[in-house]
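Sequential numbering from 1 along the given sequence is applied to the chain's residues. Here the structure is a predicted model, which is why all the values come from computation and not from measurement.
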Amino acid sequence: MASLQGSPFAISDASLVYLVPVVLAGIVGGTWAAMATAVGAFLTYDLLFIEPRLTVTIDDPKEWLELLLFLFVAVAIGRLAGLQGERAREAAQRAHEAQALFAISRILATTPRLEEAAPPIVERLVQDAGVDRVWISLEHGGRERIVADSHRGLPRPGAASVWSLTRTPGDLPAAWVRLHLGHDKRRGRTVPDDMAAFRVGMESGGQHLGYLYAARDRKKDLPAREQTRLLALAGDQVALALRREHLAREATEAEIMRRSDALKTALLDSVSHDFRTPLASIRAAAGGLTDPTAPVSSDVARSVGRTIEAEVDRLSRLVNNLLDASRIESGALRSAPELFELGLLIEPVVARYHDRLDGRSFALTLQRDLPPVRVDPIFFDQVLGNLLDNAVRHTPADAPIRVRARRLDGDFVELSVEDGGPGVSAGALPMLFDKFYRSAGHARGGRRGLGLGLSVVRGLVEAMGGQARAARSELGGLAVHLALPAGPEPPEEEPMSASTW
């Protein structure tokens with residue numbers, strides 16, 4: 001055997017040194033590299049250090065035994081080192097694959113819609129799957145729609161032939177099968193001639209949803225097993241996300257339909273009740289006037305006429321609120337604002353409600369030097385009428401009502417309608433302007449209404465460029481504050497006016 005006698009180390013047999021390159025070859029190149037290195041080390045050692053040298057002939061049987069043992073140990077160590085290196089590389093590949101899948105899963109979990117999640121997913125696949133281009137194509141009703149492309153702006157992806165991933169049952173790896181799709185003029189020229197196209201079908205719940213496409217240089221081999229697995233799992237993740245999005249949309253639509261049906265039922269019940277009461281009053285009053293057996297004096301006739309007028313006005317206001325609520329909901333509401341003195345708009349509305357105040361305290365106060373307001377007169381009339389009707393309807397007969405206006409910082413004038421009724425709870429204030437919301441407070445005659453009045457108020461005020469909010473009133477009840485856009489300053493200042501009814 002090889003000897004280092006006479007050297008400072010005084011080693012009699014240095015054959016074990018040749019195991020070092022065997023181990024290194026196994027770690028770096030794998031099992032076959034290690035075994036080849038072991039055989040090479042065996043032959044090198046035999047030629048250079050075994051007598052007679054430079055031949056494969058061995059005279060001493062002991063040398064044969066030692067050399068064969070050396071070969072056996074070298075092959076075994078090389079095999080073990082190669083397996084360890086392969087496992088380390090496989091573990092690294094698995095970790096890289098798991099990291100990429102985690103990133104894709106996180107994108108899908110944190111993004112509400114697939115169309116927003118798809119672009120970062122295709123970029124991630126280009127980075128981790130060993131391909132040059134990735135795009136996601138969804139199919140619906142026989143039509144194809146591309147939701148993301150890593151090379152956006154280039155011609156639409158597609159090819160006359162593609163490598164399609166064929167799934168296999170059990171633990172067998174999937175295989176790429178080349179399919180010829182034929183010529184499709186709608187696809188046009190897509191993937192260059194030097195690029196090979198690959199596609200992964202996306203299915204969920206037995207339904208075909210689309211494809212995940214990839215392209216790479218034709219000179220390269222087919223995607224490796226780990227790259228194929230990454231593309232397949234990414235397609236499955238996208239399909240599950242798409243299916244989940246479809247189910248969520250269906251659930252939302254079903255909930256919307258359920259709530260819509262419940263709302264329609266409640267609306268019909270409420271409308272029929274609110275219509276029935278004034279119609280019954282009108283019918284009774286008209287029947288009294290037309291009864292030939294009952295003499296009617298002029299005072300009685302005027303009283304009945306006022307009753308009919310009030311009920312007709314109530315019906316008209318109810319119908320207007322329903323129509324305005326529908327227009328607000330559909331976005332078809334359009335205002336025609338003009339400049340008006342605020343007092344000239346308020347007084348006619350207050351005069352109409354004078355008879356309904358039933359002798360309660362009413363105050364109208366306008367701040368001195370108010371600028372004109374830019375409003376739609378028809379909208380303003382309905383807004384103030386709804387606020388006064390709401391105050392009268394939901395407060396006791398002795399509760400005071402106050403209307404006042406003041407200048408706000410900026411180009412706005414604030415109009416406030418306050419009452420001294422029981423008011424509403426602090427938690428209910430933010431919901432007062434919601435459609436069909438009815439507070440549990442006092443309602444005169446037990447008639448609570450549809451819950452549309454304040455909702456229409458907010459819609460009309462916002463259509464005029466203003467804002468509406470609710471708060472506790474200084475009188476103890478509810479205060480509704482309207483911020484109305486102001487116009488240019490009047491040429492002359494108007495004196496402060498105040499009136500008490």
Is a donor on one side and an acceptor on the other found under 3.5 Å between the side chain of [X] and the backbone of [Y]?
{"X": "Arg472", "Y": "Gly476", "answer": "yes"}
{"X": "Gln382", "Y": "Phe379", "answer": "no"}
{"X": "Thr111", "Y": "Arg113", "answer": "no"}
{"X": "Asp419", "Y": "Ala391", "answer": "no"}
{"X": "Arg406", "Y": "Val413", "answer": "no"}
{"X": "Ser150", "Y": "Glu123", "answer": "no"}

### Task
Measure up the Trp176 and Phe198 rings against each other and bin them: parallel (under 30°), tilted (30 to 60°), perpendicular (over 60°).
perpendicular
Could you tell me whether [X] and [Y] have a side-chain N and a carboxylate O separated by less than 4.0 Å?
{"X": "Glu245", "Y": "Arg249", "result": "yes"}
{"X": "Arg352", "Y": "Asp381", "result": "yes"}
{"X": "Arg258", "Y": "Glu255", "result": "yes"}

Any [X] side-chain heavy atom under 4.5 Å of [Y] side chain:
{"X": "Leu114", "Y": "Leu108", "value": "yes"}
{"X": "Met464", "Y": "Pro337", "value": "no"}
{"X": "Leu454", "Y": "Leu387", "value": "yes"}

### side chain to side chain donor-acceptor pair (under 3.5 Å) assessment of Arg458 paired with Gln467
CA-CA 7 Å; Arg458 181 178 64 178; Gln467 296 178 348; over 6 Å; no
Give the minimum heavy-atom separation between [X] and [Y], together with the two atoms involved.
{"X": "Gly487", "Y": "Leu339", "value": "CA-CD2, 3.5 Å"}
{"X": "Ala471", "Y": "Leu478", "value": "O-CD1, 3.6 Å"}
{"X": "Ala117", "Y": "Ile107", "value": "O-CG2, 3.6 Å"}

### Query
Just checking, is any N or O donor in the side chain of Arg404 or Gln367 under 3.5 Å from an acceptor N or O on the other one?
no
### Message
Between Thr395 and Arg360, is there a side-chain donor-acceptor contact under 3.5 Å, judged purely by atom types and distance?
### Response
yes
### Heavy-atom neighbours of Leu247 CG exceed 12 at 6.0 Å
yes
